[in-house]
Amino acid sequence: MTGSTIIFYLLALLTLVSAVLAVTSRQIFRAAIYLLFTLIGIAGFYFWMQYDFIAAVQIIVYVGGITVLIIFSIFLTQQAGELLPKQKIGRQVFAAAAVFCSFALVMLQMINHHFTVTADQSTTPTIAAIGEKMLATTEDGYALPFEVVSILLLAAMIGCIVIAMRPEDTLPNEQDLQQK
Amino acid sequence: MITPGLYHILFISTALFFIGMYGFFARKNLITMLMSIELILNSVNLNFIAFNKYLWPGRLDGVFFTIFIIAIAAAEAAVAIAIIINLYRSHKSIDVEQTEEMKY
Amino acid sequence: MSNALQIALIPLLPLAAFVILGLFGNKYVNRSAGIIATFLLASSAALAFYTAYQYFFEYGKVEGVYQKVTAFKYTWLQFSDQLSIDIGALIDPITAMMLVVVTFISLLVHIYSLAYLKGEKRFATYYAFLGLFTFSMLGLVLSSNIFQMYIFWELVGVSSFLLIGFYYDKPSAVAACKKAFIVTRFADLGFLIGILVLSFYAGTLDFNTLIERLTSLQSAEFKMATAASFMGISALTWGLVLVFIGGAGKSAMFPLHIWLPDAMEGPTPVSALIHAATMVVAGVFLVARLFPVFQISPIAMDVVAYTGIISALIAAVIACTQTDIKRVLAYSTMSQIGFMMFALGVSKTGGEAGLGFTASMFHLFTHAMFKALLFLGAGAVIHYVHSNEMKDMGGLRKYLPITHITFLIACLAISGIPPFAGFFSKEEILLAAYHHYPVIFYTALITSGLTAFYMFRLYFSIFWNKQTQVHSEHSAPHDSEKHGEGGLAMMLPLIVLAMASCLAGFIHFGNFVTADGKPLTTALHLLFSVAPVVLALAGIGIATWLFLRQNDSPVKYSNKLGNLYKAAHQKFYIDELYGFITQKIIFNLVGRPAAWFDKNIVDGLVNETGNGTTTLAEKIKAFQSGKVQQYAIYFLGGVMGLTVLFIYLWK
Amino acid sequence: MNEFFTLMKSELVVTIILFLLLFIKIGKGMSNERLLVFIQVLLLINFIAGFVANEEGSLFGGLYYTGEMIVLQKNILNLGVLLISLLFADWFIKSSHLPEFFILMLSSLLGMFFLLSSGNLLMFYLSLELASIPVAAMANFDLQKRTSSEAAMKMILTSAFSSGILLFGISLVYGATGTISFEALPALLSAAPLQVMAFIFLFAAFAFKLSIVPFHLWTADVYQGSPTATTAFLSVISKGAFAFVFVTVLYKVFQPLHSVWYNLIMLLSIVTMIVGNLFALRQQNIKRFLAFSSIAQVGFILVGISSNTAEGTASVVYFILIYIFSNLAAFGVVGLIASQANRESINDYRGLYQTNKFLSWMIALALFSLAGIPPTAGFFGKLFLIKAGASQANYFYIIIAAVNLVVSLYYYLKIIRAIFMEPNEQPIAAIRVSFSVKLGLVICAAGIILTGLIGWIYDYIQLLG
Amino acid sequence: MNLLLLILIPLVTAVGVLLAAKQQAKWIAFGGAAIQLITSFVLLAAFYAQRTAGNTTQFLFEQQYNWFPSLNISFHLGVDGISVAMILLTAFVVIAGVLVSWKVDKMTKEFFFLLILLSLGAYGFFISLDLFILFFFLEIAVIPKYLLIGIWGSGKKQYAANKLALLLMFGSALVLVGMMGTYFGSGAHTFDLPALAKLNMPVEVQKICFPLLFAGFGIFTALFPFHTWVPDGHSAAPTAGSMFLAGISMKLGGYGCLRVAMYLMPEGAKEYANIIIILATIAILYGAFATMMQQDFKYINAYSSVSHCGFVLLGLGMLTKTAITGAVMQMVSHGVMTALFFAIIGMIYERTHTRQVNEMGGLLKVTPFISTALFIVGLCSLGLPGLSGFVAEMTVFVGSWQNADAFHRIATIAACMSIVVTAVYILRAIGKVAMGPLKAGYETITDATWNERLATIILISGILAIGLAPFWLNDLVRPGAEIIMQKMSASH
């Protein structure tokens, strides 16, 4: 039982428990916080696997970006402290059962599969190396995907602006709900 | 306890994946459903990193995949939230069960 | 040879009349239609007489035997390498004789109709139909090919249909013409299948070849036809019997006779032509034509003979009870044709044994004369009285003297009183049956007695008996000279036919028409003739006693006969039986269920497929619930289901 | 560098247009009418550019490859976008976000181009997202309509869900083979259970995009709620692009799993045809109806795909070309009527022929083509798909496909019946058809009639494949 | 003789109709139909000229253009005697159909356009020598029918139109599958009919494809139990629609059965001949009996069409040269006859505004021309010699009888029985409509107009041309049947 093992299990506990709480908590704000913990837990796994850069990105983008976005939107749409309406118990049980069976099936396949382990030299993904590759146009270069993502982000931005900034005068009856 | 390896991480990621699924199926609030999606994407990321780490450490395919997934997830989340906010404005609710006008 | 053209013209001239009058008649030449048609038919008749003369006296006989001469033959429809319908003309003694009979009677009817149908709106149409009928009948007798005969057979049927239904706005006429057509059609079905059977085994449709092949005991065709059997009876016999069914239908033999009495709805001259002299003997002609083949099969011959005699008897019995004068004549026709039929049935080929054949043809010939005369006479009477019913008549001898005399001659002829024509032919028939078919002989004897009875019942009822009220009421318009007996056009045919009825018996028929073509000398056996003549006289006597003066004994005696009389009066309920079969069984048990089945089952299935699809579509709509979470669950379910399917179940 | 420009020509032109629009948007100097004409001209140039200087080759170390067939496919999509710009002119001119709509549409188109050219799973995934996320935004462009938001919401959530599944599948593929490159994958794939499962995950994502049953459920709702222009884009361009890619991926990358995917496709295509038809039977909303009909059409496309031959590819490409004409003509008319008369129910179409002869003929032609009635091109398209499918000699399958063809005829005829036969007290009033729309419809009609009759079009496609 | 003319003339006519003014549409349609009729006669003459010149090639005037070369699909045209007969039939029916539609004034242009389009499909179908274009033209002929019935029909028109379109499309779907089977199963990967005919297809392929093709085409020609579109479709259709439907469309099926199914797959034909015979016999009798019970005049003729078309299938199923010849003759004969029948029913309906035979009576008095024509066509229908029906039916019977076993015999006899039943229902109908006392209310109706007369005369002349001189038709058809029979006997 090494320290790394202990850390691993702790991380696993943190991630899974907060993940479960994130999808079950009836207080939406708390759910968002649990999600945050889960994401942090995952970042922890990245650290644990020594992929520091990914872990950093995870924290910056997810924790710093997406979660904040989500929390922000919760503020916009939800009275704080308000409990979420209860889902029908039947639905919950059914969903749980379906999910569990699927999980079992997928796990079974994974365990049964013999993954080939290559004896490749492990490359340490330094930030520099990643950056270099990200902009390379040769083989193993990721310049093109990078560009694609940039266009996607641009498009997403424009889409968001159009959708979220809808002219208010068209909705006279909904003025009280305008964004703060 | 056994030394954690690939299968452990796979277990965790798969579990996360299905927890996310559960959330998607069972939650009524659109934002929580979106959160479930994030869980799903994260589980996939974990998968990629784990495979990269344990099976194919020679190249960084998994790592880059993860990076891009994170970027996409951000974009997706942004658009989704914009849509949800807009929906909230017209429906005055973000309960998924309020959005069943079109059916059959 | 120009002979071909000459023969071809015989049927074509009436056809020309049909086409011309049919297309342009009513509009352009309505008044002169009769003249045109009569003229054309007269030419045709002249040609026919000339042809018959040439045949009998110039070229027909080779070494003492009358030959079958094929005047011309064209392939009309090639079925297969062997089978084809050829349109041609085959001349042999019976054809020659029939040509004469048909054209002669038809001509007289044409003339008669000039007066009888004067003023009729569809005068031209009438003559067109007559032309069509004559054409068809001539084509029929000239047929060189069995299928050709079938063709004209059908055409004869349809022209009969048209003529019976000439008064198309009379519902009874419509019903009668439909009945005539359908009943004969039913019989034609037998004919058709018979043709198919015979032609299949003979490998030909040509009469000459067919007869040749099926009568030579050595030929392969013959062996095959007799070897193949169905229900223990050889295919040949089946074929013949089926063909005979066709003949029986046209000739109104029991039990297919039901159409004939109803057919009297047509104009009376038509009845004279079609339902007395020509068309109804087509069946006899058909059997005569195929006589050599029939000869091979005793069963077929028996069928012919017994059908003939049964029809003769039944018709005679029914005739005694009918009150419609045309119906009496119709049944009498049926009875007489029965005579011809059984005469054929009892005949053999060659010498004395072939007497039946000759007698039958002879009777056919004489019967044509006197029966046409009877019908035309009846026509004159109806024309005068405007009724068909005996009760409306009586004592007409003063008003219609010529009709009266000619009618009497005809009655004597049909009753078989010497020296009128009927006597000779009937004696021969009885003689033919005498030796080998005692049952038939005695039945025939009784029947001929009955014949005399009902004919004179008819005669007395019309011309003697009471003085009808109806007549005096109608006397005013009828007394005029013009309308009395209908003038020359109506009288002339009566007189001509009366003469023929007197004299036709003296023709020595055996010289011309025999089963094998060789002349047959028939002697008159005086002693043999005694019985029939006495019986006939007895019949006349009884009729005289009962009907000469108006009295109540007919009613008395008919009441005494009770059910028998009633049954005979009701035509032995055969019509009702048919009605039952067609209405109840065919319509209700076949037609209606078929229609029902189609509407509900076949169509229903198709509709149900449609409805089922719609219902199914309605049932599965819940899947598209509009709930995005359910969509996701189905998504996952789909993925997992397919995974399981393709990993574990369907490799 | 020269090679870079020729090979990536399609993408570059679209990108340039995209940025031009962005600048215009920022500049805000044009009325919608003029802007639309400008856009149409640009798209026309884009379409024409697709015909020149086409080469085969790959870039970025195999991340991007192109060939004549791919350029053709891209250009078919270009044509579709051009037609959309013509057909929905009415709605565009009214719209307050015209340039944005086109920016989103073109970025989605760009995503499709990259998708068609992608050389590994990463590019594949990214371009897939690029192709779909903007569409979700486009679905919300009827900003005031509740149904539009609902549609967009359903679209983005289900699409994200399906990407999750796709990614999970990709991760498994990656784990099992160690590569994400299309070139290397076929040699490493086998029918091991995990790989089959991974393949099915991937397949499901495709199935989702192509609306294959049971992954189709979002389709109808999204089609119905979105603005008609978006619906048209989604049902024609997007579907076409995914079908193209699907063929390529299945034939090239997943060839080792042929025995699995053949059965899978057969099964799903039968189900898809049946379900699509059954749902289409009972629809009252015409857009929803077209959604289900397009689901059934996908079933037929799958029949062609199942052939696994060059003919399969050719028949799919050919069918999509025809499908673009037919379906766009239908949506064009529907969109016009929706935007001017605000009617979308099939009942409202009763008696349309009395008032709008031109539109009636156009939609009738389109529907006949969709139903596969000669002499419209749809007949040829369907026939060649079925013919391609029949090369596997699976008659049972072909019979089912053929019978479904008949069922589909029933509901297409339902609309024809409404338009031509059924009486209506108040038919839709005569609708003004602007030049642009008319031009678009005429082009569609010409395409519907001529694409089939001119035999060499198919031959050309087959030649490239 | 360039066969493309046969397609181009209707095509040009159709376009002309669309471009013309409303009033001119019918004249253009009439002109086109007339030119087409003349062309058909020219074709007949040219065909005879070639044959008498000793040209014994199976298909004459062949033309072949590449259409989809990569799929081996070519626009291959050619005719043999059977096709020529069918083309003549079509030309007759089309011109008559245009003439009786003279008074259509609801969407006139569209009406004539669809009529001509339908005829285009039929012409193309009859001259195609490539399965693909054959199928193409077959399907072209379906939808116009749907529209004709649905828009201009009467009664349950939409229901009938739907049923018709769906069942026919179902039929063509089966054809499609059979075609595909032929394409791949033959191993030749071609749709070319003569090329396929040269091969001997594997027996197992024949056994699969023959029933598909035969049943598919059979649906068009009212194969029991898929005949149910016939009564409803015919009765709901406008007059010209019924004429085309019964006169042309049903013949497409028979022709297809012969030209495609039997010609290509003799083994399959042998395999399934008995089933065909059973179904055909059922159709013949059952159709006839069902007709007896009908009250609606159009239903009478529609059901009788089922019965009459049964003879076509019976003749085909009998597999003898004579029977097949008879089947084709029956197609031609029935086509002309039934077209005339429907035309007359239409004329009567226009005047009496009822189709219930019970409500009519004595029309001979007021409409002698129409009623006479009714008599003629009725008699033709019941197989009167001298009219076309007789010749065809007798050929079928004689041909059927050539099979000497009990099964065929019984079937033939059963089929023969229908001639009696036919007589019953035809006479019943004629008796009710034309004969009897004139029903009140019909005193003032007028006889046929010039266009109706012309149409009637054209069709009657067709009936007489076959009925009085069947040899030319027979000569035309027999060689075609002979080739099929040769193929049949060659394959063992």
Side-chain angles (χ1 to χ4, degrees), chain A residues 1 5 8-9 12 15-16 19-20 22-23 28 31-32 35 38-39 42 45-46 49 51 54 57-58 61 65-66 69-70 73-74 76-77 84-85 87 91-92 95-96 99 102-103 106-107 110-111 115 117-118 120-123 125 133 142 145 149 152-153 156 159-160 163-164 166 174 177, chain B residues 1 3-4 6-12 14-16 18-23 25-29 31-32 34-36 38-39 42 45-46 49-50 53-60 63-64 66-68 70-75 77-79 81-86 88-90 92 94-95:
Chain A
M1 182 77 94
T5 312
F8 177 84
Y9 284 112
T15 315
L16 290 182
V20 170
V23 298
I28 187 164
L35 175 68
T38 315
L39 298 177
I42 289 168
F45 278 117
Y46 297 156
M49 286 186 274
Y51 285 133
I54 302 294
V57 171
Q58 167 88 358
V61 177
I66 298 175
L69 201 62
I70 287 174
S73 64
I74 291 173
L76 277 178
T77 57
L84 287 175
Q87 178 61 274
R91 163 71 69 79
Q92 283 179 352
V99 160
S102 310
F103 172 67
V106 173
M107 256 347 268
M110 286 197 181
I111 290 165
F115 287 104
V117 182
T118 48
D120 277 3
Q121 195 62 43
S122 175
T123 47
K133 278 204 157 180
Y142 291 86
V149 168
L152 173 59
L153 289 172
C160 288
I163 295 167
R166 90 168 164 201
E174 290 180 16
L177 293 163
Chain B
M1 278 193 191
T3 318
L6 174 64
Y7 288 96
H8 293 78
I9 299 187
L10 284 183
F11 178 87
I12 290 166
T14 312
L16 266 181
F18 286 103
I19 290 168
M21 289 251 168
Y22 171 81
F25 297 158
R27 300 290 256 182
K28 287 174 94 175
N29 188 296
I31 293 177
T32 50
L34 192 65
M35 285 154 57
S36 308
E38 300 303 335
L39 277 181
N42 270 285
N45 286 348
L46 198 54
I49 298 292
K53 169 83 183 171
Y54 286 98
L55 298 178
W56 320 98
R59 289 157 50 95
L60 289 176
V63 170
F64 276 98
T66 306
I67 294 173
F68 285 111
I70 292 173
I72 299 275
V79 174
I81 284 171
I83 290 172
I84 289 170
I85 287 174
N86 191 34
Y88 176 72
R89 271 186 276 163
S90 51
K92 298 172 195 168
I94 50 168
D95 192 331

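The analysis underlying the following values was restricted to heavy atoms, covering all of them including side chains, and did not include hydrogens, waters or symmetry mates. Naming convention: chains lettered A, B, ... in sequence-line order (proteins, then strands); numbering from 1 in each chain.
Most heavy-atom pairs under 4.5 Å with chain B: of the set Met110(A), Gln92(A), Lys133(A), Met49(A), this distinction falls to Met49(A). For the options Ala75(B), Pro4(B), Ser36(B), heavy-atom pairs under 4.5 Å to chain A are most numerous at Pro4(B). Options Val61(A), Ile54(A), Thr38(A) differ in how many heavy-atom pairs under 4.5 Å they form with chain B, and the most are formed by Ile54(A).
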### Pair Leu39(B)-Val23(A), side chain to side chain contact (heavy atoms under 4.5 Å, CB included): steps then yes or no
CA-CA 9 Å; Leu39(B) 277 181; Val23(A) 298; 3.7 Å; yes
### Message
One pair to check against side chain to side chain contact (heavy atoms under 4.5 Å, CB included): Val63(B) and Tyr51(A). What are the steps and the verdict?
### Response
CA-CA 8 Å; Val63(B) 170; Tyr51(A) 285 133; 4.0 Å; yes
### Message
For Val106(A) and Phe18(B): C-alpha separation, side-chain torsions, deciding distance, then whether side chain to side chain contact (heavy atoms under 4.5 Å, CB included) applies.
### Response
CA-CA 10 Å; Val106(A) 173; Phe18(B) 286 103; 3.7 Å; yes
### Task
Give the C-alpha distance, both sets of side-chain angles, the deciding distance and a yes or no for side chain to side chain contact (heavy atoms under 4.5 Å, CB included) between Leu60(B) and Tyr142(A).
CA-CA 11 Å; Leu60(B) 289 176; Tyr142(A) 291 86; 5.9 Å; no
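Both the backbone and the side chain of Ile9(B) have a heavy atom closer than 4.5 Å to some heavy atom of chain A. Of the atoms belonging to Phe8(A), it is side-chain heavy atoms, and not backbone ones, that fall under 4.5 Å from chain B. Within the 4.5 angstrom heavy-atom criterion, atoms from both the backbone and the side chain of Ile70(A) approach chain B. Only the side chain of Leu35(A) comes within less than 4.5 Å of a heavy atom of chain B; its backbone N, CA, C and O stay farther away. For chain B, the nearby parts of Ser102(A) are the backbone and the side chain; heavy atoms of each come within less than 4.5 Å. Residue Ile81(B) touches chain A through its side chain alone, counting heavy-atom pairs closer than 4.5 Å. Of the two parts of Asp95(B), only the side chain, counted from C-beta on, holds a non-hydrogen atom closer than 4.5 Å to a non-hydrogen atom of chain A. Contact of Val20(A) with chain B is made through backbone and side chain together, with heavy-atom distances under 4.5 Å.
In this structure, CG in Asn42(B) is found 5.5 Å from OH in Tyr46(A), a value given to the nearest 0.5 Å. Note that OG1 of Thr15(A) is 8.0 Å distant from CG of Leu46(B), once rounded to the nearest 0.5 Å. Rounded to the nearest 0.5 angstrom, Phe45(A) CZ and Leu16(B) CG are separated by 8.0 Å. In this structure, Asn29(B) CG and Ile74(A) CD1 are separated by 7.5 Å, a value rounded to the nearest 0.5 Å. Rounding to the nearest 0.5 angstrom, the gap separating the CD1 atom in Ile94(B) from the CD1 atom in Ile28(A) is 5.5 Å.
In plain terms, the two heavy atoms of Val149(A) and Ala71(B) that are nearest each other are CG1-CB, 3.8 Å. Shown here for Ala15(B) and Leu16(A), the closest heavy-atom pair between the two residues is CB-CD2, 3.9 Å. Between Phe11(B) and Met107(A), the shortest heavy-atom distance links the atoms CA-CE, 3.8 Å. Annotation for Ala95(A) and Phe25(B): closest pair CB-CB, 3.7 Å, computed over non-hydrogen atoms. Between Tyr7(B) and Ile111(A), the closest heavy-atom pair is CE2-CA, 4.0 Å.
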